[in-house]
S.K.: 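After the structure tokens below, expect a handful of questions from me.
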Amino acid sequence: MNRTLRLLASLSPQSRWQRFRLVLVGLFLFRGLALLCVFPPFEGWDEYQHVAYIVHLLEQGEPPRPGKAYVSPSLLRNMVVLPHNHGTSSQVSGERLPLRDHGLREYAEFWRATLYPRQLAPGTARELVVPLAKGGGRVRAKLRTEEGKTARLRVVRADPTTSRLLGSARLRPGAAETVRLTSDIDADAETGCFYLLFTPIAGGTVVLEDVQWGGGRLELRHLAASALGDRGLFEPGAVPRAILRPPTMLYLPPLASGQRVDLVLRAGTDGPRESVVALAYGTGELLRDIELVPGGRREIRLELDFTAQAGQDAVLHLAATGEAWIVLEDFCLDYESCSVDPRSWFPPPDVDVFLYESQHTPVYYRLVAPVFSVAGGVADLKSSIALVRLVNLALAALAIWLILGGIGHLLASKVQAGLLGLVVTLHPLLLVNAARVSSDALGVLLGTLVITWILRLDGRRMHRRAVALGALLGLAVLAKTVNLALLPLVACGWFVLWLDRRLSLPAALGSLVLFVFAAGAVTWSYFWSNLTQFGTLTLMSEAVANRAAGRGVVEMLETALQLDWAIRWRQVWFSDALWTGGWSYLLPPALLSGAYILLLGLSVLGFPAGWLAGRRGARPLVPEDRWAVLRFVVLCLGFLAAMAYHTIQFAMVHEHGMPSNPWYAAVALPWFLTLVFLGSRAWPGTRLKFALPALLVLLFLVTELYGVIRLMIPRYSASSLCLEALARLASLQPAWLGTPMLVLSAVLAFVLLAAAVAALGAAAKRAN
């Protein structure tokens, strides 16, 4: 870091600013990489819908038609092997969309039922296979509960009808207790082991911390849950392969009577003899006892012939007994194909999920569809989603580079520009919005290009620039139609040039006409198609529905008069605009949100305070562009108008209001922060000038750290244990986004943050 600071000090002011911009862009990228390691697939707002748009393009070869398109069954079938947030679950698991019947689960349920069956919710049971010697054996289990009162333990033979209760324990809230019991029933002569079931019957969640028997310890991470539909030791999306170390049991998919199964088994080499017992769950019937010599390999064919009990499916069990381990290398159903994909264990979802995001334009989705496909597509959602997110992060980083360039052009003092750049770069909501699959990143990048270009207009070569700017705005609108809200800013830019006498009225009108023609040439096909097919300029789903229902301007005005706009605008820019943890809608504590509102309010009050100080003779600081405040106010008002339209259309369809989410205005958020910063700089004196932006930087850091560490990681992993939580999150990501990448990215982000702060301090000293 010292070497970096010495290098910065030896450069010219402009070179130092360019290096500082690179540091801030690197800070944004490494924070984003760390977030990608934590963010599970589909956690971003409507993310599975945006992925569905890409899949539709790849499978159908054309964009989805609004009102006619549905989420691809191939995506639905592959989605269920990953955990989901409540937003996805509530959308696709209602009465008409029962994806839960096909395995869709939210985070806590996913971890409890699939990979880590250690937490037992009341009313559920998890089977752990414990070898008890014939004639009895001693078992010791350690359990803990935070809220519950009672847990019972029982040992069950292979035939569940002969189950016998061994003992019970009463657990005090928050206490960890060890339960000791002795089996006094004969072990099964065929299998040599029993099932040990832990069944909480009252209170809250019970955590099984340890199981020991006869001096040996059962490794909890190797245990499979017994609930029907769980995948045992198979990792979702992987080739069916598992290692069975005695005394574990593997649960294969539900099977029907008369089905044929082909197994490939290989024995370990660290024991004299191993055996594998195949059982049909529901009847307790022993199908075969297979012995394998050390290092041996067997191919086994089974013909299933049993009668399942009423209301109970059959699950094939493989129980490893003996002294060494068994490798299940492959299994096939009916010999048709080997390496059976675990996703085929669930029947294809026979549901229609409306593709809501078909309202978007296809530009972004055509751009990332090849990336999604190359990374594995629906067959490898972990990798394909992660790679598309990485592309979005790169697009957002380019936008940050452009924003910092605009800030440097706006503020002559590079200390002030650096402080504002730090405020913008560290805003946590901008990063979360970029770290998901959606068209927002491309829309923000192109919208930022339009804004920074307008800030640099000086009246020269306006005809050529007007054509280029019109084409650029057209592309920005095709990337994200909310960029239509940039039109007032464009008009303001031309108006300011005329007021400053840098452009004559005929030249202003002529170049503006060229701008309109260029923008129209890029977008006319899209808008004309919308008008002829749906009667609206944009394909917003609610606007199309309102048009089809005959609701027009009168109904819009009536709805607008019923909405509480003061609350909605406060939510857009102040109360809800600090940070939101994805579609789980994790929110920062009220203390942090209140501090954000207070700092923004004090900063904005700097404008009247600076005006009053100017009337008394004091000279408030102003940016290089004396029209900057007007430009940014017009920009924010333009996006407020666009979001008002969205809110009204939504309320007309759903009969209740909905605040347009703050990230809809992501293009305007950096410039809203710039407006806030200019307000803080207008305060008389020097203390508040630096205190308000510095406190905003500190607040952003605290909010992001608190949100990721205290809210995101525990919610997404359903665990309060650090290493276990990180392991669970890493299992949802491709290998390159595992825990090492999380640690490395966090460390590099911290180093770059320290370098940026130190460089700002050194620049401030030089300025003084």
S.K.: To the nearest 0.5 Å, how far apart are CD in Gln562 and CG in Leu557?
M.R.: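 Answer for the CD-CG pair, Gln562 versus Leu557, is 11.5 Å.
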S.K.: Tell me every residue that passes salt bridge (charged side-chain N to carboxylate O under 4.0 Å, His left out) with Arg631, counting only those two or more places apart in sequence or in another chain.
M.R.: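 Partners of Arg631 by the salt bridge (charged side-chain N to carboxylate O under 4.0 Å, His left out) criterion, ordered by chain and then number, come out as Asp625.
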S.K.: Apply side chain to side chain contact (heavy atoms under 4.5 Å, CB included) to residues Trp453 and Leu402 and explain how you reach the verdict.
M.R.: CA-CA 10 Å; Trp453 200 337; Leu402 293 172; over 6 Å; no
S.K.: Sequence neighbours left out, what passes side-chain hydrogen bond (donor to acceptor under 3.5 Å, both in side chains) with Arg389? Give chain and number order.
M.R.: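 With neighbours one apart ignored, the set is Glu47.
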S.K.: Can you tell me how far apart CD1 (Ile407) and CG (Leu422) are? Round to the nearest 0.5 Å.
M.R.: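 Rounded to the nearest 0.5 Å, the CD1-CG separation comes to 10.5 Å.
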S.K.: Return the minimal non-hydrogen interatomic distance between Phe639 and Asn483, and the atom names on each side.
M.R.: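 Looks like CZ-OD1, 4.3 Å.
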S.K.: Please step through side chain to side chain contact (heavy atoms under 4.5 Å, CB included) for the pair Leu33 and Phe28, ending with a clear verdict.
M.R.: CA-CA 9 Å; Leu33 277 175; Phe28 183 85; over 6 Å; no
S.K.: Inspect the surroundings of CZ in Arg21 and state if more than 12 heavy atoms from other residues, nucleotides or ligands are less than 6.0 Å away.
M.R.: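 Enclosed: over 12 neighbouring heavy atoms sit under 6.0 Å from CZ of Arg21.
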S.K.: To check you understand the geometry: which heavy-atom pair defines the closest contact between Lys382 and Ser731, and what is its length?
M.R.: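 Nearest pair, atom of Lys382 first, then Ser731: NZ-O, 2.5 Å.
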S.K.: Pair Thr703, Tyr596 - check side chain to side chain contact (heavy atoms under 4.5 Å, CB included), show working.
M.R.: CA-CA 10 Å; Thr703 300; Tyr596 184 60; over 6 Å; no
S.K.: Which residue, Val437, Leu387, Leu57, Val388, forms the side chain to side chain contact (heavy atoms under 4.5 Å, CB included) with Val368?
M.R.: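 The residue from Val437, Leu387, Leu57, Val388 that satisfies side chain to side chain contact (heavy atoms under 4.5 Å, CB included) with Val368 turns out to be Val388.
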S.K.: Taking all heavy atoms of Leu24 and all of Ala756, pick out the closest pair and write down the distance.
M.R.: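 Heavy atoms of Leu24 and Ala756 come nearest at CD2-CB, 4.1 Å.
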S.K.: Considering the options Leu696, Val702, Leu698, which one meets the side chain to side chain contact (heavy atoms under 4.5 Å, CB included) requirement together with Phe700?
M.R.: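 Only one of Leu696, Val702, Leu698 forms a side chain to side chain contact (heavy atoms under 4.5 Å, CB included) with Phe700, namely Leu696.
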S.K.: With the side chain counted from C-beta on, respond yes when Ile385 and Phe39 share a heavy-atom pair under 4.5 Å apart, and no when they do not.
M.R.: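 No - every pair of side-chain heavy atoms lies 4.5 Å or more apart.
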S.K.: Please walk me through it: do Val353 and Tyr70 pass side chain to side chain contact (heavy atoms under 4.5 Å, CB included)?
M.R.: CA-CA 5 Å; Val353 179; Tyr70 296 89; 5.8 Å; no
S.K.: Ring-plane angle category for Trp663 and Trp45, please: parallel below 30°, perpendicular beyond 60°, tilted otherwise.
M.R.: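 Trp663 and Trp45: parallel rings.
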S.K.: Do His84 side-chain atoms and Met79 backbone N/O form a donor-acceptor pair below 3.5 Å?
M.R.: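 Confirmed, His84 side chain pairs with Met79 backbone.
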S.K.: Is any side-chain heavy atom of Leu75 closer than 4.5 Å to a side-chain heavy atom of Leu381?
M.R.: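 In contact.
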S.K.: Can you check whether Leu599 reaches Leu699 side chain to side chain, under 4.5 Å on heavy atoms?
M.R.: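 Sidechains of Leu699 and Leu599: in contact.
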S.K.: Atom CG in Leu393, atom CG in Leu36: separation rounded to 0.5 Å?
M.R.: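 One gets 5.5 Å once the value is rounded to the nearest 0.5 Å.
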S.K.: Applying ring pair (Phe, Tyr, Trp, His ring centres under 6.0 Å), run through Tyr48 and Phe42 and close with a yes or a no.
M.R.: CA-CA 5 Å; Tyr48 89 93; Phe42 304 113; 7.1 Å; no
S.K.: Check whether any side-chain heavy atom of Phe672 sits under 4.5 Å from a side-chain heavy atom of Leu635, and report yes or no.
M.R.: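 No, their side chains stay 4.5 Å or more apart.
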S.K.: Taking the side chain as everything from C-beta on, heavy atoms only, tell me whether Leu578 gets closer than 4.5 Å to Pro588.
M.R.: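 In contact.
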S.K.: What residues form a side-chain hydrogen bond (donor to acceptor under 3.5 Å, both in side chains) with Thr448, not counting sequence neighbours?
M.R.: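 In terms of side-chain hydrogen bond (donor to acceptor under 3.5 Å, both in side chains), with neighbours along the sequence ignored, Thr448 is linked to no residue.
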S.K.: Tell me whether Glu43 contacts the main-chain N or O of Ser584 through its side chain, where contact means a donor paired with an acceptor under 3.5 Å.
M.R.: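 Yes: the side chain of Glu43 pairs with the backbone of Ser584.
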S.K.: Indicate yes or no: at least one non-hydrogen side-chain atom of Arg728 is less than 4.5 angstrom from one of Ser719.
M.R.: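 Yes; the side chains approach each other to less than 4.5 Å.
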S.K.: For the pair Tyr53 and Tyr365, name the ring-plane relationship: parallel under 30°, tilted 30 to 60°, perpendicular over 60°.
M.R.: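 It falls in the parallel class, under 30°.
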S.K.: How far apart are the closest heavy atoms of Leu27 and Leu752, and which atoms are they?
M.R.: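 It is N-CD1, 3.5 Å.
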S.K.: Would you find a donor on one side and an acceptor on the other, under 3.5 Å apart, between the side chain of Glu357 and the backbone of Gln49?
M.R.: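 Judged by distance alone, no pair lies under 3.5 Å.
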S.K.: Given Glu555 and Asn546, is the side chain to side chain donor-acceptor pair (under 3.5 Å) satisfied, shown in steps?
M.R.: CA-CA 9 Å; Glu555 288 78 12; Asn546 286 325; over 6 Å; no
S.K.: To the nearest 0.5 Å, what is the distance between CG on Leu449 and CG on Leu473?
M.R.: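 The CG atom of Leu473 is 11.5 Å from CG of Leu449, to the nearest 0.5 Å.
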S.K.: Give me the atom names and distance for the closest heavy-atom approach of Ala725 to Ile713.
M.R.: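 Of all heavy-atom pairs spanning Ala725 and Ile713, the closest is CB-CG2, 3.8 Å.
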S.K.: Do Glu106 and Asn85 get their side chains close enough for a donor-acceptor pair, meaning under 3.5 Å?
M.R.: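 No donor-acceptor contact under 3.5 Å links the two side chains.
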S.K.: Could you tell me whether a side-chain N or O of Trp671 sits under 3.5 Å from a main-chain N or O of Val633, the two making a donor and an acceptor?
M.R.: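 Judged by distance alone, no pair lies under 3.5 Å.
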S.K.: Please tell me if the side chains of Pro589 and Tyr706 come closer than 4.5 Å, counting only heavy atoms from C-beta onward.
M.R.: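 SC-SC contact between Pro589 and Tyr706 confirmed.
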S.K.: Over all heavy atoms of both residues, which pair between Val378 and Phe372 is shortest? Give the atoms and the distance, please.
M.R.: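 Reported closest heavy-atom pair: N-CE2, 3.9 Å.
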S.K.: Is it true that a side-chain atom of Ser745 and a backbone atom of Met741 form a donor plus acceptor pair closer than 3.5 Å?
M.R.: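 Yes; at least one donor-acceptor contact below 3.5 Å.
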S.K.: Measure the acute angle between the ring planes of Phe354 and Tyr356, then classify it against the limits of 30° and 60° as parallel, tilted or perpendicular.
M.R.: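 Judged by the thresholds at 30° and 60°, the geometry between Phe354 and Tyr356 is perpendicular.
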S.K.: Would the distance check show the side chain of Ser680 and the main-chain N or O of Phe677 forming a donor-acceptor pair, the cut-off being under 3.5 Å?
M.R.: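 Checking the backbone N and O of Phe677 against the side chain of Ser680, a donor-acceptor pair under 3.5 Å is found.
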S.K.: Any chance you could measure Ser603, atom OG, to Leu678, atom CG, to the nearest 0.5 Å?
M.R.: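 The OG atom of Ser603 sits 10.5 Å away from the CG atom of Leu678.
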S.K.: If only atom types and distance count, is the side chain of Ser358 paired as donor or acceptor with the main-chain N or O of Leu355 below 3.5 Å?
M.R.: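 Indeed, once roles are kept as given, a pair shorter than 3.5 Å links the two residues.
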S.K.: As an exercise, state the distance from CG of Leu431 to OG1 of Thr425, rounded to the nearest 0.5 Å.
M.R.: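 Spacing of CG (Leu431) from OG1 (Thr425) equals 10.5 Å.
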S.K.: Can a donor-acceptor pair be found, under 3.5 Å and without considering hydrogens, that links the side chain of Asn530 to the backbone of Thr536?
M.R.: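 No; zero donor-acceptor contacts below 3.5 Å.
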S.K.: Does Ser529 use its side chain to pair, donor to acceptor, with the backbone of Ser525 at less than 3.5 Å?
M.R.: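 Not at all, since once roles are kept as given, no pair shorter than 3.5 Å links the two residues.
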S.K.: Are the side chain of Asn392 and the backbone of Ser438 linked by a donor-acceptor contact shorter than 3.5 Å?
M.R.: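 Judged by distance alone, yes, a pair lies under 3.5 Å.
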S.K.: Could you tell me if the side chain of Leu592 sits less than 4.5 Å from the side chain of Trp579, heavy atoms only?
M.R.: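 No, their side chains stay 4.5 Å or more apart.
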